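All ligand and atom numbering here is 1-based and tracks the order in the structure. Because the structure is predicted, anything quoted here is derived from the model rather than measured.
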Amino acid sequence: MKNDRYIMALDEGTTSARAVIFDREPSIVGSGQQEFSQIYPRPGWVEHDPEEVWAAQLTAIKNALKSARIGPEKVAAIGVTNQRETIILWDKTTGKPVYNAVVWQCRRTAELVDELKRNYWDTFKSKTGLIPDSYFSGPKVKWLLENVPGLRERALKGEILFGTVDTFIIWRLTGGRVHAIDYSNASRTLLFNIHKLCWDQELLEILGVPESMLPEPKPSSQVYGYTEPKLLGASIPISGDIGDQQAALFGQAAFKEGMAKCTYGTGSFLLVNIGDTPRETGKLLTTVAWCMGGKVTYALEGSIFISGAAIQWLKDSLGLIRDLSEIEVLASSVRGSEGVFFVPALVGLGAPYWDQYARGLIIGLTRGAGRAHIARAVLESIAYLTRDVIEAVREAGVEISELRVDGGASKNNLLMQIQADILGLRIVRPRILETTSLGAAYMAGLAVGYWSSLSEISSMWRAERIFEPTMGSCERNRMYMVWKEAVKRSLSWAKVLKEAGLE
Ligand code: ADP
């Protein structure tokens, strides 16, 4: 392989599509990003226009090539990563989507899922590693088949294809030749058996999904197909596909059992490598991390719905800060939150509580409490939720010795120090924070021999900064106990409102 070639990662996120070009080192040599619209047809419903997503992805690719000053023939391979769980259904012949993409955040399937929870909780948990929730793909497919006129009949005739967004992008990039999904994305659908690595007949029946719609599940790192030459001006191998959080775990070089990463974005996603055997826990999700070289790696995942978004809320809804970085200055102006606790249950609580009726609260206010205490309590709440997940990981018998971090809010040094203190663990921030794109690039590059091995990748991983815990264990545990009390008070709050006729 020549030295002047590059790997391109396509990162199709919830609000924008990105393309990032890496060299072998790996350093970022160019990138492009294009936002697309968020469509909210009703309260709690979230959609994207698949044509707009596709156009945004193409624009991002073109801008990335331009910023790297290279032509498409210099791209040795493409790796795809994406917002997980979001679904698109399209016509097999015309390639036209039959409905908008139904996004992972969309709660339109809440009632349908309540029924699945009552009747099939154990079936879904044991086969898919997931908790039945509107978050995942399968119920969204069922909803579309039941609510779009004539769609079920067309699907039964084999005219309709299903995909998560990675599947749709790969299908379009290959000119409709490849209809595939990798195991990590498939493992977020509630249709995929993570032990047997195939679509599960019983689950397809429960959700009424015809098998003919489904893409072929494949390992994450292998050649899926080649880009249609007239699209990008070259026929480039697409040789990686992986869900965004799993990609970040890989991009953090967390290849050994017990290695963990936490991505602090809108929400926080903590994933721990648990090796080649899935492990069931009541409070966390078990998911396929990746599959390469015939070997599957699994992860435990704690999905926290609100973390960085709480800081945005402080800025946009409370007007407590004018820009996001101001929180660090404000929260540093006091030595502690002095008894003020914040629970960011703004959309209910995810792992490990899974309470969609929890609501946010600020507690412990006195006349001495001010903006800075609230700001600090918000940062602390992000760290406490991470500790909740780590405690659940420990209960599952997995020990963690350090936490690698990334995502927009990981830039906040005070938050990272608080995190180290509240966990009593070393926090390590890498040189390249674009771990999601990097993970997808590694998947693609390893498949075509651009990089040779996991040990080569491990040796290239570099820390930018390490945060060591400085708080004593007594204080840490006392504060954590109070946090648990605050959470208790936030649980089921929406039910109280409902009973009083206020929600
Ligand atoms: P996503 O991919 O979910 O959109 P990003 O990784 O881009 O998320 O991170 C965005 C989040 O990071 C926002 O919710 C924002 O509040 C948070 N954020 C950005 N800068 C800071 C900062 N300096 N301190 C704390 N949080 C920040």
J.: Check if Gly13 has a non-hydrogen atom at a distance under 4.0 Å from any atom of ligand 1.
T.: no

J.: Evaluate the 4.0 Å heavy atom contact test for atom 26 (N) of ligand 1: does a protein atom fall under the cut-off?
T.: yes

J.: What is the nearest protein non-hydrogen atom to atom 13 (C) of ligand 1, stated with its residue, atom name and distance?
T.: Gln312 OE1, 3.7 Å

J.: Can you tell whether the side chains of Lys484 and Asp388 come within less than 4.0 Å, N to carboxylate O?
T.: yes

J.: Determine the interplanar angle of the Phe168 and Trp90 rings, folded into 0 to 90°, and report it as parallel if under 30°, tilted if 30 to 60°, perpendicular if over 60°.
T.: perpendicular

J.: When you measure from atom 23 (N) of ligand 1 to every protein heavy atom, which one gives the shortest distance, and what is it?
T.: Ser325 CA, 3.6 Å

J.: Do ligand 1 and Gly408 have nitrogen or oxygen atoms that lie under 3.5 Å from each other?
T.: yes

J.: Between Phe255 and Phe250, is the gap from one ring center to the other below 6.0 Å?
T.: yes

J.: For the 3.5 Å polar cut-off, considering only N or O atoms, please tell me whether Asn412 and ligand 1 meet it.
T.: yes

J.: Can Lys218 be said to sit on top of Tyr224's aromatic six-ring, NZ or CZ under 6.0 Å from centre and within 45° of the ring axis?
T.: yes

J.: Is atom 5 (P) of ligand 1 less than 4.0 angstrom from some protein heavy atom?
T.: yes

J.: Got an N/O contact under 3.5 Å between Gly308 and ligand 1?
T.: yes

J.: Using distance alone, decide if ligand 1 has a nitrogen or oxygen within less than 3.5 Å of any nitrogen or oxygen in Thr266.
T.: yes

J.: Can you list the atoms of ligand 1 that are under 4.0 Å from a heavy atom of Ala309?
T.: 14 (O)

J.: In the protein, which heavy atom is nearest to atom 19 (C) of ligand 1, and how far is it?
T.: Leu324 CD1, 3.7 Å

J.: Are side-chain N/O atoms of Ser303 and Glu301 paired as donor and acceptor at under 3.5 Å?
T.: yes

J.: Would you mind listing which atoms of ligand 1 come within a distance below 4.0 Å of any non-hydrogen atom of Gly407?
T.: 6 (O)

J.: So, Glu464 and Arg429, do they make that salt bridge, N to O below 4.0 Å?
T.: yes

J.: Where does Ala409 meet ligand 1, judged by heavy-atom distances below 4.0 Å: at the side chain, the backbone, both, or neither?
T.: both

J.: Is Thr81 reaching over with its side chain to a backbone N or O of Asp244, donor-acceptor style, under 3.5 angstrom?
T.: yes

J.: Which residue and atom name correspond to the protein heavy atom nearest atom 8 (O) of ligand 1, and how close is it?
T.: Gly265 CA, 3.4 Å

J.: May I ask you to say whether Arg387 pairs ionically with Glu380, meaning some side-chain N is under 4.0 Å from a carboxylate O?
T.: no

J.: Examine Trp54 together with Phe36 and report whether their ring centres are nearer than 6.0 Å.
T.: no

